[in-house]
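One structure is given here, and the rest of the page talks about it.
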Amino acid sequence: MLHSKGPLLTIDLTESETTETDIESIQERYIGGRGLATKLAHDRIPFDADPFGPENRLFLTTGPMQSSQMSFTGRMNATAVSPLTDGLASSNAGGFMSRNFADTGYSAIELAGRAEELTIVHVTDEGVEFETVPDLEEATVPETAAYLEDEHEIESDQTAIVGPAGENGVRFASIMTTEERAFGRGGLGAVMGSKNVKAITVDGDSAPEIEIPATQQEIHREAATDDHIMKRQGTVAVMDLANEVNGLPSYYFSEQSFEGVEGINGDAVEAKKYKKGTCSACAFACKLPTRDEEAGVETEGPEFEVAMAFGSNSGVDDIVKVMKSNELCDRYGLDAISAGNTVAAYLASEDEFGNTELIHELVEKIAHREGIGDTLAEGIARAHGELGVENWSVKGMDFAAHEGRVLHGQALSYAVANRGADHMYATFYSVEYPLVPEEDALDPQGATGKADTLVERENLMALNDSGIVCKFSRDYMSPERYELLFDATFEELLDVGARTVTLERHFNNQRGFDITDDSLPYDVPGLEDGIQEYYDARGWENGVVPETALPDDAVAG
Ligand code: SF4
């Protein structure tokens with residue numbers, strides 16, 4: 001089976017020491033990316049670790065496909081115990097860092113302990129340097145990127161940076177790379193901030209040689225020549241359809257369609273797009289560099305999720321205002337989905353929907369934990385009581401845009417996903433929207449009879465995250481292509497995903513997660529039975545992985 005190559009680099013921030021560990025036997029079973037990081041995290045983070053404590057560890061990983069020039073591979077993975085969900089969480093970012101990371105010769109970097117002072121960690125193929133940077137305290141992401149460029153001639157696509165939100169322990173702080181790309185979901189920026197690490201830089205000329213089968217060229221060619229709506233409008237292309245099927249969360253989830261959708265939909269974003277945007281090596285180029293000169297706003301996106309969170313869910317029908325919110329989140333290092341939903345919760349509590357001045361002020365206050373921002377920085381699950389609004393989250397993770405009250409298999413996925421109400425964990429919505437060719441489509445009604453498909457999709461997404469292959473490759477990948485690319489049967493490859501999901505669940509079980517955490521704040525027909533079918537398909541009991549269902553190589557954390 002194709003897998004990543006190169007050792008694990010452990011950076012002990014407390015002692016300013018590094019060690020290298022051969023991890024080939026793990027790579028052979030977990031490929032790379034999320035699978036590799038999950039196995040390492042499961043075995044090396046104590047099960048009772050405080051997400052903000054020095055005992056938590058942050059893993060950055062690439063997979064074998066980052067040695068190719070294939071489209072859909074300009075991505076990499078981060079994993080740690082999440083301050084938002086309190087479970088193990090992996091987050092995936094695009095941009096241009098992945099290949100620079102591979103050039104260091106390491107397949108995985110582990111940050112352990114805590115530095116005494118604010119530090120930048122420089123990783124090259126010649127070693128690691130620790131640079132204390134007290135002057136960068138509370139610096140924004142662009143300010144930190146400018147410092148690295150001016151002082152070290154390091155480009156932003158060689159960096160992973162946290163903004164003030166990460167330093168201040170905002171539970172949904174992101175790690176930013178290439179300035180506008182985020183390891184967004186799950187608050188891993190706050191983990192990096194808790195370790196007093198302002199940035200990690202990567203450089204070198206020691207990428208491992210990994211022979212990638214020729215299928216990569218076919219996939220790349222098709223991605224380059226295909227006429228696909230996402231090439232013009234990215235994920236926001238789906239917004240009109242979501243609105244039509246009553247599936248666009250609006251006004252802090254109290255409504256499911258938005259009268260101002262035309263102001264924030266795919267056409268609105270496309271009208272502000274000023275050039276093509278992509279990730280490293282990707283000819284699909286679905287990113288959305290946008291600007292509005294009059295308003296002085298330049299950003300990337302918003303994607304569908306952010307256009308929902310800061311648009312319809314906040315009662316805002318002006319794309320330029322949403323772009324401004326997006327830009328602020330990138331500047332301060334915040335997951336724009338969680339930031340938007342949390343701001344929407346506050347707007348609901350104060351009956352201030354559509355107040356964009358207040359929205360932008362709240363984003364800044366959250367990043368600095370000022371005033372009400374300190375409460376909101378805790379996330380919806382912890383702040384909803386004080387705000388007096390409903391808790392629109394699962395396992396502490398606020399909801400993504402694809403509406404489970406309409407797409408009931410997606411709702412089942414939100415309930416059971418280890419990362420909480422996260423659309424990318426199974427991308428189940430993609431087989432329930434009426435966009436799908438009839439032979440592949442599932443009736444969105446009802447949560448029963450969908451467990452086998454859900455298990456397969458979770459395993460497949462975990463495989464993509466391990467490879468690493470972008471999930472938007474779905475129209476270009478097939479079981480045969482996975483087999484050719486990764487030199488293994490499709491079943492063996494799905495087993496890698498299954499092991500990854502099971503280890504995440506097992507880790508979370510040791511922290512107290514069980515069936516009571518697999519629940520939703522709304523009713524869906526057949527949900528309880530659907531959850532039981534899911535457990536049966538996984539071999540779990542009441543949401544808990546029994547010893548018999550653990551991978552042979554599971555070791556106590
Ligand atoms: S499809 Fe889009 S998000 Fe995925 S790697 Fe290509 S440009 Fe990046």
Side-chain angles (χ1 to χ4, degrees), residues 32-34 61-78 90-102 156-157 160 174-185 212 216-238 266 269-270 273-290 299-307 326 330 335-337 400-402 422-425 427 429-430 460-478 481-482 485:
R34 173 175 150 208
T61 48
T62 53
M65 292 309 293
Q66 283 58 61
S67 296
S68 77
Q69 284 303 315
M70 190 183 98
S71 290
F72 308 112
T73 60
R75 306 193 67 89
M76 57 179 291
N77 173 78
S90 291
S91 192
N92 190 286
F96 294 81
M97 186 182 181
S98 58
R99 283 171 174 78
N100 291 317
F101 185 99
S156 67
D157 54 16
S174 57
I175 302 170
M176 301 301 298
T177 176
T178 321
E179 289 198 48
E180 286 152 339
R181 307 299 172 85
F183 297 93
R185 308 243 68 192
I212 310 287
Q216 62 161 317
Q217 286 141 16
E218 264 173 59
I219 295 167
H220 189 70
R221 207 166 28 246
E222 287 172 24
T225 52
D226 199 14
D227 180 23
H228 198 294
I229 181 77
M230 280 186 70
K231 286 180 159 181
R232 291 193 283 113
Q233 299 188 351
T235 54
V236 76
V238 79
V269 175
E270 194 181 350
K273 191 172 165 183
Y274 65 94
K275 64 173 182 180
K276 272 190 165 193
T278 193
C279 303
S280 159
C282 188
F284 193 68
C286 76
K287 305 315 291 179
L288 303 165
T290 52
T299 187
E300 193 167 90
E303 299 289 350
F304 175 47
E305 302 296 329
V306 180
N326 198 66
D330 289 352
D335 172 21
I337 305 175
H402 301 286
D422 159 35
H423 61 301
M424 297 308 278
Y425 202 81
T427 63
Y429 60 87
S430 66
L460 183 60
M461 295 308 115
L463 166 65
N464 279 334
D465 287 340
S466 304
I468 297 170
V469 180
C470 178
K471 288 162 185 163
F472 299 143
S473 64
R474 55 187 164 234
D475 292 348
Y476 306 90
M477 295 297 285
S478 62
R481 282 187 164 174
Y482 279 105
L485 274 181

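Atoms within a ligand are numbered from 1 in the order they appear, just like the ligands themselves.
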Region of Arg75 engaging ligand 1 - heavy atom pairs below 4.0 Å: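 The answer is the side chain.
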
Part of Cys470 with heavy atoms under 4.0 Å of ligand 1, whether side chain, backbone, both or neither: side chain

Ligand-side contact atoms (ligand 1) for residue partner Phe72, heavy atom cut-off under 4.0 Å: 1 (S), 5 (S)

Per-atom contacts of ligand 1 with Thr278, taking only distances under 4.0 Å to non-hydrogen atoms: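 This gives 7 (S) as the contact atoms.
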
Carboxylate-amine/guanidinium contact Lys287 Glu180, below 4.0 Å: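 No, this pair does not count.
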
Charged N-O contact under 4.0 Å between Asp465 and Lys471: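 Result for this pair is yes, salt bridge flagged.
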
Option set Cys286, Gly234, Ala93, Gly74, criterion heavy-atom distance to atom 7 (S) of ligand 1, minimum: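 Among Cys286, Gly234, Ala93, Gly74, the closest heavy atom to atom 7 (S) of ligand 1 belongs to Cys286.
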
Pair Arg99-Thr73, side-chain donor/acceptor within less than 3.5 Å: yes

Cys279 N/O/S atom closer than 2.8 Å to atom 2 (Fe) of ligand 1: no

Mutual orientation of the aromatic rings belonging to Phe284 and Phe72 [parallel < 30°, tilted 30-60°, perpendicular > 60°]: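 Because their plane-to-plane angle lies in the 30° to 60° range, the rings of Phe284 and Phe72 count as tilted.
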
Over-ring placement of Arg474 relative to Tyr429, 6.0 Å and 45° cut-offs: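 Output no; distance or angle outside limits.
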
Minimum-distance pair of heavy atoms, taken over all atoms of Met176 and Ala182: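 Answer, listing the atom of Met176 first, then Ala182: SD-CB, 3.7 Å.
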
Nearest neighbour in protein (non-hydrogen) for atom 1 (S) of ligand 1: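 Protein heavy atom at minimum distance: Phe284 CD2, 3.5 Å.
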
Closest protein heavy atom (residue, atom, distance) for atom 6 (Fe) of ligand 1: Cys282 SG, 2.3 Å

